Amino acid sequence: MSAASSPSACRLWLGRPGMGVLVAVLAAVLLGGIEPAASRADGQLPPVALQCRLDGGPWRDCLMRIESIGQRWSLVVGREQVWFEHDGRGLVRMLRGGRGWVPVQPHWSADTALCWDGICAKGEIPLD
């Protein structure tokens, strides 16, 4: 057994930041748990893991579900799902809880998060 394939070398490699997540994602893809976007029958992209903040609260893990990139998406934060629509002309509206659709103004925050009137997300946000 070479030093590169020894159990201690594997622990060192897997112990690097992000490697555990990478291995889990690769295993899910290989076992069929995650479909590549091009093969999805419904045309939707797979969910994107982000960090979200609601109304100035703490940053939390969340998922962005994309129905149509740049047009219709939602953020799932805990048990809450917030829906967004972009009309292609600059108007974005948001549906949160039972409040009905309201227009929101997207902007980038100082900490590089994309925000819509109190809802912020940061990470690898697919913009188009």
Side-chain angles (χ1 to χ4, degrees):
M1 180 184 323
S2 71
S5 62
S6 72
S8 61
C10 288
R11 279 192 297 276
L12 286 174
W13 184 79
L14 287 174
R16 293 158 85 189
M19 286 298 127
V21 172
L22 175 63
V23 169
V25 169
L26 287 174
V29 169
L30 293 173
L31 296 173
I34 298 176
E35 300 177 56
S39 72
R40 290 188 51 129
D42 59 9
Q44 290 185 351
L45 296 172
V48 178
L50 300 172
Q51 289 284 305
C52 293
R53 181 172 57 201
L54 303 177
D55 303 317
W59 288 103
R60 300 170 44 190
D61 290 337
C62 65
L63 285 177
M64 177 181 269
R65 298 187 185 278
I66 303 163
E67 187 176 323
S68 178
I69 197 159
Q71 296 177 330
R72 286 182 304 283
W73 67 95
S74 66
L75 293 173
V76 180
V77 187
R79 294 182 180 191
E80 184 172 357
Q81 187 163 10
V82 183
W83 294 91
F84 297 89
E85 286 186 348
H86 185 276
D87 70 355
R89 296 174 294 168
L91 178 67
V92 178
R93 62 187 195 147
M94 175 176 73
L95 176 65
R96 185 176 180 192
R99 302 177 200 165
W101 288 100
V102 295
V104 293
Q105 185 63 44
H107 68 278
W108 290 99
S109 69
D111 58 355
T112 67
L114 184 54
C115 300
W116 305 268
D117 293 5
I119 311 294
C120 294
K122 63 182 178 178
E124 297 289 325
I125 300 171
L127 297 175
D128 46 19

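Residues: numbered from 1 along the sequence shown. Values in this document were obtained by computation on a predicted structure and should not be read as measured data.
Considering only residues two or more places apart in sequence or on other chains, R60 meets the side-chain hydrogen bond (donor to acceptor under 3.5 Å, both in side chains) condition with none of them. In this structure D117 satisfies the side-chain contact (heavy atoms from CB on, under 4.5 Å) test together with V104, Q105, sequence neighbours excluded.
Residue pairs that meet the disulfide (SG to SG under 2.5 Å) test with at least one member in residues 64-98, sequence neighbours left out, do not exist here. Sequence neighbours left out, the pairs with a member in residues 83-128 that pass disulfide (SG to SG under 2.5 Å) are C115-C120.
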Contacts under 3.5 angstrom, residues 85-94 side chains, donor-acceptor by atom type, not counting sequence neighbours:
residue, atom, partner, partner atom, Å
E85, OE1, R93, NE, 2.9
E85, OE1, R93, NH2, 2.8
H86, ND1, G88, N, 2.8
D87, OD1, R89, N, 2.8
D87, OD1, G90, N, 3.2
D87, OD1, L91, N, 3.0
D87, OD2, R89, NH2, 3.2

Result block: side-chain N/O donor-acceptor pairs under 3.5 angstrom for residues 48-56, not counting sequence neighbours:
residue, atom, partner, partner atom, Å
Q51, NE2, D61, OD1, 2.3
D55, OD1, R96, NH1, 3.2
D55, OD2, R96, NH1, 3.0
D55, OD2, R96, NH2, 2.9

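In the hydrophobic clustering of ILVMFWY residues, with side-chain heavy atoms under 4.5 Å counting as a link, I66 and L75 come out together. If you chain together hydrophobic residues whose side chains sit under 4.5 Å apart, L95 and V77 never meet in one group. Linking Ile, Leu, Val, Met, Phe, Trp and Tyr whenever their side-chain heavy atoms come within less than 4.5 Å leaves L114 and V76 in two separate clusters.
Side-chain contact check for S109 versus K122: every heavy-atom pair is 4.5 Å or farther apart.
In this structure, W116 and W73 have tilted ring planes: the angle between them lies in the 30° to 60° band.
Here the CD atom belonging to E67 is positioned 14.0 Å from the CZ atom belonging to F84, to the nearest 0.5 angstrom.
Nearest approach of P126 to I69, heavy atoms of both residues: CB-CD1, 3.7 Å.
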